[in-house]
**Q** 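Below: one structure in structure tokens.
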Amino acid sequence: MHSMTLEQLSATARSGGVTGVTLKGQGGGFFVEIATRSGKNAFLVKARSTDPRRFGNPSSALVVLRNVGIAVAQIDATNWEPDQKDMSKSRKNRAEALRGAHEAAAYNQWLADEIQASIDDPHMTISHDAVMAEMNEHIAAMPEAKRKST
């Protein structure tokens, strides 16, 4: 059996080379089997691997297929065992990852707003050279021992 990445599946589907798709249940997940015009069936594989791409939920696979232009698929649940679903990738872990992403996005937005507010501030600005000269004066005014510790 051959393998096909999502990019290859998309190109094959656009060119009319896909004659059918079957979601094959195996254990706790589903794999995508692709029938092609050349008569060589293939499995959808991960992007940077030859490992079959496994879907824990057939609706997730259908969304991927729909996005590449495949709207009709068969489901073979003969070997599907829903009790064997891999729970190590739980929704809780995904929720934590999304929460972190939202917090990072909120921080980035806040930082961008602060920078823009500083740029838009009509008050007099101080040049970099003036700030450095003032800092050098402060450092020179410090006692020798204090200067060495900073």
Side-chain angles (χ1 to χ4, degrees), residues 1-123 125-132 134-135 138-139 146-150:
M1 178 102 22
H2 295 284
S3 61
M4 193 178 287
T5 65
L6 189 58
E7 186 176 280
Q8 292 168 331
L9 174 60
S10 180
T12 306
R14 280 194 312 268
S15 67
V18 174
T19 59
V21 174
T22 303
L23 299 181
K24 305 262 300 184
Q26 182 68 43
F30 286 86
F31 299 92
V32 177
E33 184 178 20
I34 305 138
T36 64
R37 289 208 184 278
S38 69
K40 297 177 182 177
N41 287 358
F43 270 102
L44 183 63
V45 295
K46 297 176 183 176
R48 293 180 257 319
S49 163
T50 57
D51 295 336
R53 185 167 176 180
R54 183 184 168 283
F55 295 90
N57 183 335
S59 65
S60 300
L62 291 172
V63 168
V64 169
L65 293 173
R66 183 70 183 252
N67 287 339
V68 298
I70 298 172
V72 177
Q74 295 179 337
I75 297 180
D76 178 355
T78 306
N79 297 318
W80 180 48
E81 296 292 335
D83 296 337
Q84 292 181 5
K85 185 172 181 180
D86 181 9
M87 297 305 286
S88 64
K89 297 177 182 175
S90 69
R91 287 199 170 279
K92 181 179 179 188
N93 293 342
R94 185 70 184 133
E96 289 172 7
L98 286 173
R99 192 174 306 109
H102 287 296
E103 288 172 1
Y107 174 79
N108 287 343
Q109 185 59 52
W110 170 83
L111 183 59
D113 292 345
E114 289 293 310
I115 291 169
Q116 190 60 50
S118 178
I119 291 169
D120 295 342
D121 188 353
H123 295 91
T125 59
I126 302 172
S127 73
H128 172 74
D129 292 337
V131 170
M132 293 307 295
E134 187 177 330
M135 289 306 298
H138 283 300
I139 292 169
K146 180 77 173 174
R147 268 188 274 160
K148 288 184 179 181
S149 68
T150 56

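Side chains are part of it too, since the values below use all heavy atoms of this structure and drop only hydrogens, waters and symmetry mates.
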**Q** Do Leu62 and Phe55 have side chains that approach each other closer than 4.5 Å (heavy atoms only, starting at C-beta)?
**A** no
**Q** In Å, rounded to the nearest 0.5 Å, how long is the span from NZ of Lys40 to CE of Met4?
**A** 10.5 Å
**Q** Rounded to the nearest 0.5 Å, what separation is found between the CD atom of Gln26 and the OG1 atom of Thr78?
**A** 10.0 Å
**Q** Out of curiosity, Met132 CE to Ile139 CD1, how far, rounded to the nearest 0.5 Å?
**A** 7.0 Å
**Q** Hey, are the side chains of Ser10 and Arg14 touching, using non-hydrogen atoms and a 4.5 Å cut-off?
**A** yes
**Q** Can you find a heavy atom in the side chain of Trp110 that is under 4.5 Å from one in the side chain of Glu114?
**A** yes
**Q** Any heavy-atom pair between the side chains of Thr5 and Lys46 that's under 4.5 Å?
**A** no
**Q** Between Asn79 and Gly25, which heavy-atom pair has the shortest distance, and what is it?
**A** CB-O, 3.4 Å
**Q** What distance do Arg53 atom CZ and Leu9 atom CG have between them, rounded to the nearest 0.5 Å?
**A** 10.0 Å
**Q** Is there a donor in the side chain of Asp129 and an acceptor in the side chain of Ser127, or the other way round, less than 3.5 Å apart?
**A** no
**Q** Can you see which heavy atom on Ser15 is nearest to which on Thr12, and at what distance?
**A** OG-O, 3.0 Å
**Q** Indicate yes or no for a side-chain donor-acceptor contact from Ser3 to the backbone of Val45 under 3.5 Å, with no hydrogens or angles considered.
**A** no
**Q** Hey, does Glu96 have a side-chain heavy atom less than 4.5 Å from the side chain of Arg99?
**A** yes
**Q** Ala73 and Leu65: which non-hydrogen atoms are nearest, and at how many Å?
**A** CB-CD1, 4.2 Å
**Q** Measure the spacing between CD of Glu33 and OG1 of Thr22 and express it to the nearest 0.5 Å.
**A** 5.5 Å
**Q** With side-chain contact (heavy atoms from CB on, under 4.5 Å) as the criterion, how do Val21 and Val72 come out once you've worked through the C-alpha distance, each side chain's angles and the decisive distance to 0.1 Å?
**A** CA-CA 7 Å; Val21 174; Val72 177; over 6 Å; no
**Q** Measure the acute angle between the ring planes of Phe31 and Phe43, then classify it against the limits of 30° and 60° as parallel, tilted or perpendicular.
**A** perpendicular
**Q** Determine the minimum heavy-atom distance between Phe30 and Pro58, stating which atoms define it.
**A** CE1-CD, 3.6 Å
**Q** Is the shortest heavy-atom distance from the side chain of Ile70 to the side chain of Ile34 under 4.5 Å?
**A** no
**Q** Any side-chain heavy atom of His2 sitting closer than 4.5 Å to one from Asn41?
**A** no
**Q** When you look at CG of Leu111, are more than 12 heavy atoms from neighbouring residues, nucleotides or ligands closer to it than 6.0 Å?
**A** yes
**Q** Would a 4.5 Å heavy-atom cut-off, applied to side chains only, mark Leu23 and Asp76 as touching?
**A** no
